[in-house]
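Every heavy atom of this structure was used, including side-chain atoms; hydrogens, water molecules and symmetry mates were not.
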Amino acid sequence: MKRLRFSRSLRLRKSADFRRVQQGGRRVVTGELVVVYQPRPDAGPRFGLAVSRKVGNAVVRNRVKRWLRESIRVERGALSEVDVVFIARKGAAVSGLAELRLQVRGALDRIRRALRQKRT
RNA sequence: CGAGGAGACCAGGGGAUCGCUCGCGGCCUCGUGCCGUGAGAGGAAAGUCCGAGCUCCACAGGGCAGAGCGCCGGGUAAUUCCCGGUCGAGGCGACUCGGAGGAAAGUGCAACAGAGAGCAGACCGCCGCGGUCGGGUCCCUGAGCUUCGGCGAGGGGGUCCAUCAGACCUACGGUGAGGGUGAAAGGGUGCGGUAAGAGCGCACCGGCGCCUCCGGUGACGGGGGCGGCCAGGCAAACCCCGCUCGGAGCAAGACCAAAUAGGGGAGCACAUCGGGCGGCCCGUCCGCGCUCCCGGGUCGGUCGCUAGAGGCCGUCGGUAACGGCGGUCCAAGAUGAAUGAUCUCCACCUCCGCGAGGGCGACCAGACGGGGGCACAGAACUCGGCUUACGGGCUCACUCGGACC
RNA sequence: GGGCGAUUAACUCAGUGGGAGAGUGCUGCCUUCACACGGCAGAAGUCACAAGUUCAAAUCUUGUAUCGCCCA
């Protein structure tokens, strides 16, 4: 069985990258998440998180980011050639890991379909 | 057992699997790689309210202005913090709380009410001067008012006292005792005194000032003498007195260094002008000029960046805070920002059922089954404090009340 | 992370120790055939919250909460 990792190489880390994705990318909205993605040919996938202070205090924000990282780690599958930014809404603070994991899976499925359609 | 006050401490634990960040070692296909191994949030990490280290501002200079602090002594790198004490307030008590210098340096403020509110004041009342009038009491009558109980202006009569007293009036004077207003009206009680009064006088009590003695390093406490009631409140009002304070903050600052645009540095000189050194004045430095040189900054990266005024134990000094000496232990460094996820077992709290067991007794204790709960909160340069948030647990001496032996 | 500021009626704001106010909006009446404009009257506030100083606090002091601004 392939091990499920989410190391630093899979993360979006630069301010310029965030700006590029959020300004030029496409948008998918689930219940508590806004997911923005932009294709990036001939490269692996990269994921970024954005949890603002409106979501809660530092403990709550850290918890939401951990839930999202865990969800991405489990659900990302064979996605590639794309940059994705997950933006948490206020309700994410109380939705719990299971709910967020469902929403991440749904958003990633829609991104995969859109990319496949575009390629063909 | 109940109620209460004070201090110290903990911040669920074990196991399995999958992950994240950093250090070290190894491997290769040298990468934002893989493997192994070790470490990985708090008592408040929080608020950013004080104090420091550190870095830059030329040195951190003078005066004014400004800001902060404010009982006394000690601790400390330092403080507005801590410890011990003094005084005041609260509590039966253990104990708690206190921004606690100066209002007999000055300037100011006090709405409304009230006669008068800041070198006070005469509305009612009381007294004196002047004027007018006989007055008290009982009975009858009775305008009017009424809470239907009564209250009663005025008039008539009986009786007592007598030209003193008293009542009324007025325009004057005295009074600060009484009424009433207010948050506050210039000590309290008693006696004397006076036309009436008043600290006007006296005694005691309380407070204040000055002198002096004793105890204490001191704040202050205790005793004696004299004065005299003249001296109200607010300085978290201006202010006065004393002490302290240069500014900014690791996004400080140093180094490496794309694209784009053209500027930048060093030396010498500087009357005026402009700018910097937190504000103003002084002082001082830099620029505009001349000569020489080629690097500077943004994106990004590296350093700063984690071993410290550290914890614990023992001992000595000290009432204590704390300090000296010796031993020992620990020690996250991320940067779109790590310290997590799932499962399981056991603790802890609480509710319901059940109520075994122990004790002479007040009472203790809750086995067993089921349900619920397990807080506040996440390092961002580092320390010392303060403040605020917080479910519960543990421990040590104490206080008050009750019951029992 | 660090440095600052604000909070008063539904909205925008004044008020710097004794009376809580202005404009817009809202409600009612008048005016008009009707509406707008206009006129008159009225309601509406824990002065963000909690302690303290003071006789007295929106105002002064301290703490808490919320919102906003600046520094790469």
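With a glycosidic angle no further than 90° from 0, B:G199 counts as syn. By the rule that a glycosidic angle within 90° of 0 means syn, B:A111 does not qualify and counts as anti. Annotated as anti: B:G91, whose glycosidic dihedral deviates from 0 by more than 90°. In B:G43 the O4'-C1'-N dihedral to the base is within 90° of 0, which defines a syn nucleotide.
The OG1 atom of A:T30 sits 8.0 Å away from the CD atom of A:E99 when rounded to the nearest 0.5 Å.
Taking each heavy atom of A:V51 and A:R61 in turn, the nearest pair found is O-CD, 3.7 Å. The two residues A:V64 and A:A88 come nearest to each other via the heavy atoms CG1-CB, 4.0 Å.
Of the candidates B:A377, B:A341, B:G336, B:A341 carries the atom nearest the A:L97 side chain, counting heavy atoms from C-beta on.
Comparing A:W67 and A:G48 along RNA chain B, the residue whose closest nucleotide (by nearest heavy atom) sits nearer the 5' end is A:G48.
If you measure from atom CZ of A:R101 to atom C1' of B:G340, you get 14 Å, rounded to the nearest angstrom. Atom CZ in A:R63 sits roughly 14 Å away from atom P in B:A338 (whole-Å rounding). Distance, A:I72 CD1 to B:A341 P: 15 Å, rounded to whole Å. Straight-line distance from the NZ atom of A:K65 to the P atom of B:G336: 10 Å, rounded to whole Å. Rounded to whole angstrom, the span from the CG atom of A:L102 across to the P atom of B:A341 amounts to 18 Å. In this structure, CZ of A:R61 is placed 19 Å from P of B:A45, rounded to the nearest angstrom. To the nearest angstrom, C1' of B:G336 lies 15 Å from CZ of A:R66. Distance CD (A:E70) to C1' (B:C20): 10 Å, rounded to an integer number of Å.
In the hydrophobic clustering of this structure, A:L68 groups with A:L97; members are Ile, Leu, Val, Met, Phe, Trp, Tyr whose side-chain heavy atoms approach within less than 4.5 Å, directly or through other members. A:L102 and A:W67 fall into different hydrophobic clusters, where Ile, Leu, Val, Met, Phe, Trp and Tyr side chains are chained together by heavy-atom contacts under 4.5 Å.
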Working for side chain to side chain contact (heavy atoms under 4.5 Å, CB included), residues A:Y37 and A:V28: CA-CA 8 Å; A:Y37 68 97; A:V28 172; 3.9 Å; yes
Trace of the side chain to side chain contact (heavy atoms under 4.5 Å, CB included) decision for A:R112 with A:L115: CA-CA 5 Å; A:R112 254 190 293 274; A:L115 289 176; 5.9 Å; no
Side chain to side chain contact (heavy atoms under 4.5 Å, CB included) assessment of A:Q38 paired with A:V82: CA-CA 6 Å; A:Q38 187 180 44; A:V82 69; 5.8 Å; no
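Only the C1' atoms considered, C:G2 is 7 Å distant from B:G249, to the nearest whole Å. Comparing B:A100 with B:A237, their P atoms sit 13 Å apart, to the nearest whole Å. On the C1' atoms, B:C10 is 37 Å away from B:G304, given to the nearest whole Å. With both ends at atom P, the span from B:G310 to B:C64 equals 41 Å, rounded to whole Å. Nucleotides B:G19 and B:U306 have their P atoms positioned 30 Å apart, rounded to a whole Å. Across B:C245 and B:U335, the matching P atoms stand 42 Å from one another, rounded to whole Å. Using P as the reference atom, C:A9 and C:G23 are 16 Å apart when rounded to the nearest Å. The same atom, P, is picked in B:A103 and in B:U181; the two are 34 Å apart, to the nearest Å.
A sub-4.0 Å separation between OP1 or OP2 of B:U339 and a side-chain N or O of A:R69 is present. The side chain of A:R73 places no N or O atom within less than 4.0 Å of a non-bridging phosphate oxygen (OP1 or OP2) of B:G340.
If you check B:A39 for Watson-Crick or wobble pairing at under 3.5 angstrom, you find it paired to B:U21. Look at B:G326: its Watson-Crick or wobble partner, with both distances under 3.5 angstrom, is B:C313. B:G262: no Watson-Crick or G-U partner with both key distances under 3.5 Å is found in any strand. With both pairing distances under 3.5 Å, B:G287 is matched to B:C273 as a Watson-Crick or G-U wobble pair. Base-pair partner of B:G278: not found among the strands shown (Watson-Crick or G-U wobble, both distances under 3.5 Å). Nucleotide B:G207 forms no Watson-Crick or G-U wobble pair with any nucleotide shown, as no partner meets the under 3.5 Å limit on both distances. B:G152 is unpaired under the criterion used here, namely a Watson-Crick or G-U wobble arrangement in which both key atom distances are under 3.5 Å. Pairing partner, B:A117: none, since no Watson-Crick or wobble contact has both distances short of 3.5 Å.
When each of A:L108, A:L33, A:V29, A:V35 is tested with A:Q103 by the rule side-chain contact (heavy atoms from CB on, under 4.5 Å), just one qualifies, namely A:L33.
Classification of A:R101 and A:E75 as a salt-bridged pair holds, one side-chain N sitting under 4.0 Å from a carboxylate O.
Pairing analysis of RNA chain C (Watson-Crick: purine N1 to pyrimidine N3 plus N6-O4 or O6-N4; G-U wobble: N1-O2 and O6-N3; both under 3.5 Å) yields stems of 3 or more pairs at C:1-7 with C:65-71, C:10-13 with C:21-24, C:26-30 with C:38-42, C:48-52 with C:60-64.
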